[in-house]
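Structure record follows, encoded as structure tokens.
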Amino acid sequence: MTDPADSIEIQNVVASTGIGQELDLEALAEDLPGADFNPDNFPGLVYRTQEPKAAALIFRSGKIVCTGAKSIADVHDALGIIFEKLRDLSIPVEDDPNITVQNIVSSADLGHQLNLNALAIGLGLEDVEYEPEQFPGLVYRMDEPDVVILLFGSGKIVITGGKRTDDAEGAVEEIVERIESLGLLG
Amino acid sequence: RLRKWQERIRTKDAGERNLQFALSEIDRMASALGVPRSVREVASVIYRRALKEDLIRGRSIEGVATAALYAACRQEGIPRSLDEVAEVSRVEQKEIGRTYRYISQELGLELKPVDPKQFVPRFASALGLSEETQAKATEIIDVSAEQGLLSGKSPTGFAAAAIYAASLLCNEKKTQREVADVAQVTEVTIRNRYQEQIEAMGFR
DNA sequence: GCTTTAAAAAGTAACCT
DNA sequence: AGGTTACTTTACAAAGC
């Protein structure tokens, strides 16, 4: 009996921070090798770190969004690299900028195939969005923890919208319980 | 005071004009899709409810009208695919789908997922298939859905594959291309669903 | 509302061989 | 017929249109 909670893997962490300093993105785009800056397209400058692999969106205000990291530690490491690069360019960066995790995307496997049709009705059509003509996953909005779960026929699921690592654990526990109480889990 | 009064009339007239436009669009699209009058009535009711609940703000009248018609077809058990509805609407498919999900949620329509079987009579008759073949296709859908093959699959693709399989089994063969054209799916989808369904039926 | 970034799930589609 | 690539859905921040 494998616990679905053990299958949880963080796939992406989105976080925001700021260096407390206005930036000249035109100049930064010149000085930062590999930076992408197309102000006509998007106001942020895109910078990618290789290790850990992540992408940062750097704005004129000095605010930064980091996405693509596989853990909260990776977010801190990736942003740490960026802070150092900026300091190397003589840009003053706060000592230890606040980093706020905004969203964590995780995947997991319930270990059984799911009858999404029965699940849509069982979980309650009012809380569920299941339109297989548009997308193969059933969208379930959970209140506690406050996350959105995508459930697939294979039993694989995606949990998104959480801000804490243990939101995924709580969500898996809760969804397994609800599905089991409906008698719809294997 | 006079201005205010005139403005009220103006907005009332504008609202009335918009409603008439929406209802005539529903009528036009329904005719193009060949859906019965009763469904147009249901679509009109859904549209008026959406209007009353102020769901049109930030959305186009045409988008809500199209979504209302799409919902009405489903509610009446004679669904049209989003593809088909988009063909007669000036709103793109993605937007119709989004608007449908929104009004469906807000109005609490609670429509069950589309049953592939509901496409069988229409697709099969467009292909000139017999009652026997239609019954076979329906049986294939029931059996393979019971075995869990339907989860996440497009209802039109699922129906198309079953119709293709039934046409072979009943010696009224239609090509994958012919079935794909009426169901508006690709041959690849029919092939994939067909293989699974045939296996579920215990053939092969 | 849109633009951009990242990542997973599974289905469908477009295009090429 | 197969393979690759790309798009659909969810969440979230950022600045600006």
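To find a chain, count down the sequence lines: A is the first, B the second, and so on, and within it residues start at 1.
Using a 4.5 Å heavy-atom cutoff, the side chains of B:P36 and B:I78 are in contact. Counting heavy atoms from C-beta on, the side chains of A:I72 and A:H76 come closer than 4.5 Å. Here the side chains of B:L19 and B:Y47 are in contact, with some heavy-atom distance below 4.5 Å.
When heavy atoms are screened at a 4.0 angstrom cut-off, B:R57 is found touching no nucleic acid atom at all. At the heavy-atom level, A:S106 lies nowhere under 4.0 Å from the strands shown. Using a 4.0 Å heavy-atom distance criterion, A:V101 is classed as making no nucleic acid contact. Here A:T100 lies out of heavy-atom contact (under 4.0 Å) with every strand. Nucleic acid contact class of A:V14 (heavy atoms, under 4.0 Å, all strands): base. Nucleic acid contact class of B:G152 (heavy atoms, under 4.0 Å, all strands): sugar-phosphate only. Within 4.0 Å (heavy atoms only), B:R59 reaches no atom of the nucleic acid at all. The residue B:Q184 sits close only to the backbone: its heavy atoms come under 4.0 Å of sugar-phosphate atoms, none of a base.
If you check C:dA6 for Watson-Crick or wobble pairing at under 3.5 angstrom, you find it has no partner at all.
A salt bridge between A:E129 and B:R101 is present, with a side-chain N of the basic residue lying under 4.0 Å from a carboxylate O of the acidic one.
Between D:dG2 and B:R191, no contact under 4.0 Å exists linking OP1 or OP2 to a side-chain N or O.
Of the residues near DNA chain C, A:F59 and A:F135, the one whose nearest nucleotide (by heavy atom distance) lies more toward the 5' end is A:F59. In terms of position along DNA chain C, the nucleotide closest to B:R98 lies nearer the 5' end than the nucleotide closest to the other residue of the pair B:R98 and A:D36.
Rounded to whole Å, atom C1' of D:dT8 lies 12 Å from atom CG of A:L150. In this structure, CD1 of A:I64 is placed 17 Å from P of C:dT5, rounded to the nearest angstrom. When rounded to the nearest whole Å, the span between CG of A:N41 and C1' of C:dT5 equals 13 Å.
In this model, no side-chain donor or acceptor of A:S107 finds a partner on the base of C:dA8 within 3.5 Å.
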